[in-house]
Amino acid sequence: MSEDDARGTPYAPHTAATTAAMLDAVGVDSEAALFDIPESVAFDSDFDIPERSERETRSHVEGILGRNDDLTAFLGRGHYDHYVPSIVDDLAGRSEFLTSYTQYQPEIAQGFLQALFEYQSMLVELTGLGVANCSMYDAATALGEAATLSQRLRSVSGDRILVPDLLRAGKRAVLDNYAAGPGLTVETYPTTDGNVDLDALRGALGDDVAMVYAENPTVRGTIEEGLAAVGDAADAHDALFCLGTDPVAMALLETPASVGADVVVGDASSLGTGTAYGFGLGLFVTREAYLRQVPGRLVGAAEDDSGRRAYTLTLQTREQHIRRERATSNICTNQAWVALRAAMHAAWLGPDGLVDLAESCVTRARDLAARIDEISGVRAPVHDRHHFREFVAHTDQPAEAIRADLAEEGYAVHAVGDHEIQICATETTERAVDDFVDTLAEVAR
Amino acid sequence: MSEDDARGTPYAPHTAATTAAMLDAVGVDSEAALFDIPESVAFDSDFDIPERSERETRSHVEGILGRNDDLTAFLGRGHYDHYVPSIVDDLAGRSEFLTSYTQYQPEIAQGFLQALFEYQSMLVELTGLGVANCSMYDAATALGEAATLSQRLRSVSGDRILVPDLLRAGKRAVLDNYAAGPGLTVETYPTTDGNVDLDALRGALGDDVAMVYAENPTVRGTIEEGLAAVGDAADAHDALFCLGTDPVAMALLETPASVGADVVVGDASSLGTGTAYGFGLGLFVTREAYLRQVPGRLVGAAEDDSGRRAYTLTLQTREQHIRRERATSNICTNQAWVALRAAMHAAWLGPDGLVDLAESCVTRARDLAARIDEISGVRAPVHDRHHFREFVAHTDQPAEAIRADLAEEGYAVHAVGDHEIQICATETTERAVDDFVDTLAEVAR
Amino acid sequence: RYEPLLSEKSSETVSTEDGPLPDDLTRDSLTLPDVSEPELARHYTRLSQTNYGVESGPFPLGSCTMKYNPSFTEDLAASPDAAVHPDQPTETTQGTLELLYRLQDYLGRIGGMDAVSLQPPAGAAGEFAGILVAKAYHEHNGEDRSEVLIPESAHGTNFASAAMAGYDVVSLAGDDDGRVDLDALEAAVGEETAALMLTNPNTLGLFERDIEAIAEIVHDAGGLLYYDGANLNALLGRARPGDMGFDVMHYNVHKTFATPHGGGGPGAGPIGVTDELAPFLPAPRVAESGGGYEYVDPDRSMGKVHGFYGNWPVLLKAYAYIARLGDAGLADASAKAVLNANYLAEQIDYEIPFGPFHHEFVASAGEQDAADVAKRMLDYGVHPPTTKWPEIVPEALMTEPTEAESRRTLDQLAAAFDAVAGESDETLASAPESTAARRIDQVRAAREPRLSWQSLDE
Amino acid sequence: RYEPLLSEKSSETVSTEDGPLPDDLTRDSLTLPDVSEPELARHYTRLSQTNYGVESGPFPLGSCTMKYNPSFTEDLAASPDAAVHPDQPTETTQGTLELLYRLQDYLGRIGGMDAVSLQPPAGAAGEFAGILVAKAYHEHNGEDRSEVLIPESAHGTNFASAAMAGYDVVSLAGDDDGRVDLDALEAAVGEETAALMLTNPNTLGLFERDIEAIAEIVHDAGGLLYYDGANLNALLGRARPGDMGFDVMHYNVHKTFATPHGGGGPGAGPIGVTDELAPFLPAPRVAESGGGYEYVDPDRSMGKVHGFYGNWPVLLKAYAYIARLGDAGLADASAKAVLNANYLAEQIDYEIPFGPFHHEFVASAGEQDAADVAKRMLDYGVHPPTTKWPEIVPEALMTEPTEAESRRTLDQLAAAFDAVAGESDETLASAPESTAARRIDQVRAAREPRLSWQSLDE
């Protein structure tokens, strides 16, 4: 444990004497003798990685991270920063949660199971659909899983997946990989003024379409106005309607169930995690009818031998550790602890707090767009829509130059077109808004 | 819980409906009706303190704290910065420890009691004396308590307390207040080259002396060389010998018991806490013979009804909540949680780690003094002694100017004389040492 | 679920020879537990599992105010910007000083006091400091008063603190209603009276309605009125000690301002005084000066009660709590604390002889032994009230649910009280049966003290 | 100790009318639990108390590698400097990129691989990505191979990942010694073989001694060799997949590099490849450039398996762990893991049919039901091993103590194994009896799925 005294891993308790005694008990005279590795493939060199004390390691890693610039990020496009209360770190950090394993022994995992059951239940309320799994990796992989789900349903035929032309490239790239296995092709449909171009979508639809995907709010922050029609159009061709959203938005916007969504995907890490370089929490909710085809883990209520309510992972025959290549997905390790955090955050907010937060996402974007619209050389919002958290602004100067100038001044925005920047406003940047607007006014003229 | 929605304390669960129902159950129609306060002393104004959301409060407080300059502090003189491993925060922060009460119901407080019992035991090992209490506020108040202890012992008479002339002023001021109650007077004895001037001390001693206090290491970082003689001298006059030290120093230096100390006091927050603006952990250890006169709480081993070992607060009849004005001290709330942290840190270090740390306190001070001695305009160490953690350097320039110039450059040292600065070196400033020496060389010439 | 002592897991003796010091300056060896970090983590995790905290369940300890401790204040206290050495020059620690200054100011407003010192590291230290302020004041006025008056029902620390300051303690019997007996006070007060120490509401939860008369009696005799802040959580925004005539007071920040009790500490016990007493406060205090902050020593300071500046991290948490709640939150905290106490009292079968009470009430266990009642309540999964004190109520169950409890939890607590009320003495005497340790033999523990693992081998 | 659901504590319905959006764009109302922070804190504290983690006790889950998760890595992951938005320009996130670059480099050295992608957010995602890299490679070479070979005893994810990538899975029976049967491999391999997926040591803990011959057979047929990194904790510093002839591998950072399992996740599943396959890695990767770092898309990238850059906080923790241990620590971790498995195996009564094993062994419960053995072990206060898998061992007890356990804890574990070994089927069938929940009826849970609190009312 001491700094000057490291001779191996600090996380094994063996003294030299214990090691010797244990080797003795095993009947060998060295640790090396326990390894059954042919000489020809043995590694007899070094990684050349120095060992460090805990203090030195912290200092080393903090030194590296300190090379990140201290920017105020007005960034969104799928990764959002909402204030996470301290209590979430405190409770989720308890080792009984953080260091526990998947709940294959439910009798000693009731706490985590109940928390995940509550997470699922909150998503059921938010979506209006019947079945939420207890996490996928992120929004992109959840979308990919929705595509493969469409191929497992007897009610759905076809091999085309339709996605909006504005779909974020990273999400599209992931979807392409998930779609390729079962032989699906991914195609785009046009948007108009940020939202689904319903006529164009209808034109693109056909009975060979397996799934239509739309987002609300869209990646540009606009709020869709005719999702029920999208749902109807998909339904008319027996295609799944998959809706991308997030739990904060769902607290205010039309429920996915009410617009006919069959699957809801998205990133729930907007609750409980904050900015973490794209670290996600894939939410996946669908109709009860598709239960047996759901990917990922499900927690169910059960009874124990004493007749009391208990919780357990259930319907595991869908999963890879039992069904192997016929599983509904390969997912094993998921984002359970991130889901725990999201549930804690949602419970901390309560329905009042969550609706307030969602409403502030509308008003902050609207107010900031209005202020920015006053700036000479900028027009905002570009889309004549209601917005959620973020919006696109037109800049007379090249967007890339604006972005770079703002970065110089300590602010980050997205450049999303030659003369279009995208700006996201949440409570965490509240204090910086005035200076940001002034700075933008300077660099934009 | 929501930001826009605060109507009272966020830490009470009452909805308006519950409040109404509860008032109803009590049989009153308003909260105001529950208060039995005469009109004439009722407060009907405001504190004019705004309410803030958690996010706003954090931002507000972080903003204030951010006004502290980012200095590298080569400071000691009673408050020391040693690296505290993460695991201490993690474990001590568990709410079962942090938010628990004094262990008056031992059946549901075994964990904390055992941890305090272990803390006491480690101090017994470090001091060689028989009884450690489970904390006082800090080194100064522990010293004050030692003085009052001397008045409660039949074996001790006299009303003079002798302390070294170099005693830190703050400690002296506290001691004066504790000493005044029982009518003690505090006097100083001279030091020579940092350490006890034994002849002078012998001269000052008499049968009217109740207690002799010395420190090892001294406040100037020097290591005493003849403490056993100090102990003998005090003993010759039936005076208590009280030794001030800290647990890191005790891991290496002569044990208090071996030099005849009757009471050991000091600050143990050098383990487990780090720099915290003088936040302390008063250690108090004494001979078993004085057990019934010990101030503060004591944890003892016991048995429960099933015959198993258990722990409990014991000998409480010494304490204020039972003995009132005849108690051994007024202390009630102590520093239990800080003691828990110190014990965790000591256990993390183990004997190897603790001795290594103590040895590094000697070598770091010695090495830094040697490097500084090379600087033109500086001579170090001033005292021709072995040092622990810190040492005094003579500067040709006025010490106050050096101190101020260093502060400009981001370094803090003590100015302890017209031409004397004091410098403390631990592992936490290791990375800054080279630059510090260069900077000192510039400002000192 | 017995967890061995660290020393029983693994112990090692390390020699200190061949170190950087001559042998005659060092000990020979050091023997301490030697465990790896994973073992350490499990050790303290398991210990924590046998310990009950505010987040474990209801904690209705009368007088102790076990309210919820907001997690975010811990994060702030752990901020690197808060980790400052006390000897850093004040021009480099303006953040720390500003926070302390603001807390002095807030506490002054909340208590109705003119000047505040944050130095005392706990409530009892605040009492000691406050009484020494009073003493310095009297001495400055050339008066040598020797007595401090304290009601019989007061906290034990009041008596001990006054005695530590060198005063003789005069104990005042209460009246039949559980409050200060004005006649007894008149009889006791005199030219030796340095101060009267009073808690209001008192330990029965009762407001001392005659507080103005009490103040007049004490002041007329040249004495000072000291307010013990232990029960301030009952009054926030409704009444202030300063407005009642108190001259000195201490605040218990872990009771009133939600800093955690930490298994016994650390706390902080700031004191507030009137302008008249401000020159006698502990040194130093934080003052504003030219847009910045500095330390100043009060002119006739009584000295110090802490080696540095008190329990800084605790003060920081208290400031954060006050800044979070503001006027409305603080007043609501008191209102809900009082509502909860009254609601709970309404639900339980034990008799409550005195009232109307505020944030706490003292029920009587009647024929039952209050300490046994407490042990039995543990079996119902709740923390019991404070017992056997104040003595004016036979077999006292001193109960303070705080504002943090929900109606649902109060109902559970009431159910536990009432279940125990119906049980036999035998059942109570053998309780608890469901805890990590069964009833502990305290008598033997005190008779044969074993205070370290070293003593277990004897 | 039943803890009600949040919804059973307090629930509230909030209208969304009168908000900033037209009604036709909003839902009507939202119903969710409505609890205060103190209630929330108690809810999750109590839930945690019914959950078993690595700091609760021994956790010898074979194949899962439940090693100790150092606390300091959590602090680093919580650093404000680590909280970066993924769309920040890379010139402003040089710290993040440097850390990722260094981790790519370290993982390459540890696995003997030329190039590493950190993107896959879990082991299974790593498999999927790795197989897609292989597929892209074959396609680039104009080859349309349709099969992936996988030993019968492999992890279920191998099969599922290959299938998700569009491959037919060919399962390979093992030989009598529990290793790959070279004859069976020869028979199965061919021009349709895209890859062989292999764990080494395999799930029985056995090193595939013929790994060079296996590599030759697969490579000769034009196939690639995929290394499942689940058991890499056995080999650190002793052998590297790259040196054995593997072309692609994934690392399970929560198994090998001590990031916490989080009750099921998050993990991270970086993949390493040879130079030949590097152009096909996921986009983007971090590259050094002129003293700084930048993202570059590999020339013939297979695309992406995560919307952004993978599980950044997990990667950060893994880097911190590697930087802490260094060469000596990593090698020692494996040595102690293997020593612990062998020592534990020596102490227990159950038969262990295959060996010599490394960091884990698979005992057989014989006539007992392995799942029942596991339930009964819970009553002894320890976590049981993985059961009933791999199927080659009847009633398998797959046991991996990891390096974190002390001899003392291993002896306790062995005692639990041996106590259960001597118990009757009836005792086992009614276990556990000392846990927060008794044996749970999983069959009924699956037959009548109730997956939300809404479904409980039905």
Side-chain angles (χ1 to χ4, degrees), chain B residues 8-9 11-13 22 26 31 34 36 41 47 49 51 57 65 67-69 73 75 91 94-96 98-100 102 107-108 110-112 121 124 137-138 140 170 173 181 255 275 277-278 300-302 304-306 310 314 320-321 324-325 327 330 332-337 350-351 359 362, chain C residues 14 19-20 30 32 34 44 47-48 50-55 68 81 83 85-86 92 94-95 109 121-122 124 156 159-161 163-164 166 169 207 244 260 262-267 303-304 307-308 312 324 326 329 332-333 335-336 338 342-343 356 403 406 435 437-439 445 450 452-453:
Chain B
T9 172
Y11 307 120
M22 290 172 71
V26 175
E31 289 168 350
L34 295 168
D36 181 34
V41 296
F47 304 143
I49 303 173
E51 60 187 318
T57 311
L65 294 174
R67 279 160 223 154
N68 284 337
D69 295 353
L75 298 174
L91 296 171
R94 288 176 64 85
S95 63
E96 297 93 326
L98 180 64
T99 72
S100 66
T102 309
E107 293 85 357
I108 52 166
Q110 285 298 297
F112 215 127
S121 302
V124 165
Y137 308 127
D138 70 346
T255 61
T275 308
Y277 208 57
D304 74 2
D305 267 1
S306 63
T314 193
Q320 39 66 37
H321 65 283
R324 309 219 299 197
E325 66 268 28
N330 73 334
C332 177
T333 292
N334 58 13
Q335 304 284 105
W337 187 70
E359 290 183 347
V362 174
Chain C
V14 172
L30 178 65
L32 280 179
D34 181 40
Y44 287 107
L47 290 187
S48 78
T50 61
N51 225 65
Y52 191 97
V54 168
E55 296 181 16
Y68 174 72
D81 284 338
H85 192 285
T92 69
Q94 286 293 299
R109 296 191 218 175
F159 302 86
S161 299
M164 268 181 58
V169 173
F207 195 89
M244 300 174 206
K304 285 176 77 67
F308 295 97
W312 156 249
R324 169 88 173 91
D332 189 50
K336 294 305 188 298
V338 173
N342 279 275
Y343 176 84
E403 66 274 18
S406 67
T435 44
R438 301 287 297 269
R439 185 82 69 105
R450 291 172 296 163
S452 63
W453 59 53

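Here is how names work: the chains are called A, B, and so on, in the same order as the sequence lines, proteins then strands, and each is numbered from 1. The structure displayed is predicted, hence computed values, not measured ones.
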Could you tell me which residues satisfy side chain to side chain donor-acceptor pair (under 3.5 Å) with B:T57, sequence neighbours excluded, listed by chain and number?
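Side chain to side chain donor-acceptor pair (under 3.5 Å) list for B:T57, sorted by chain: empty.
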How close do [X] and [Y] get, heavy atom to heavy atom, and via which atoms?
| X | Y | result |
| --- | --- | --- |
| C:E403 | B:P13 | O-CD, 3.5 Å |
| C:A335 | B:E31 | CB-OE1, 3.3 Å |
| C:G263 | B:A336 | O-CB, 3.4 Å |
| B:D138 | C:F308 | OD2-N, 4.3 Å |
| B:F47 | C:R109 | O-NH1, 2.8 Å |

Taking every heavy-atom pair that is under 4.5 Å apart, which of B:A12, B:A140, B:A310 has the most such pairs with chain C?
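Of B:A12, B:A140, B:A310, B:A12 has the most heavy-atom pairs under 4.5 Å with chain C.
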Answer with yes or no whether the side chains of B:N330 and C:S161 bring together a donor and an acceptor at under 3.5 Å.
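The answer is yes; a qualifying pair exists.
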Please state whether the side chain, the backbone, both or neither of C:Y343 comes within less than 4.5 Å of a heavy atom of chain B.
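Both the backbone and the side chain of C:Y343 come within 4.5 Å of chain B.
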B:A73 versus chain C, the contacting section by heavy-atom distance below 4.5 Å
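Just the side chain, heavy atoms under 4.5 Å.
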Heavy-atom cut-off 4.5 Å, strictly under: side chain, backbone, both or neither for B:S121 against chain C?
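Both backbone and side chain.
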Heavy-atom donor-acceptor pair, B:T9 side chain to C:A333 backbone, under 3.5 Å:
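Answer holds: no.
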Considering residues at least two apart in sequence or located in another chain, which fulfil the salt bridge (Lys or Arg N to Asp or Glu O under 4.0 Å) criterion with B:E107?
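Salt bridge (Lys or Arg N to Asp or Glu O under 4.0 Å) list for B:E107, sorted by chain: C:K375.
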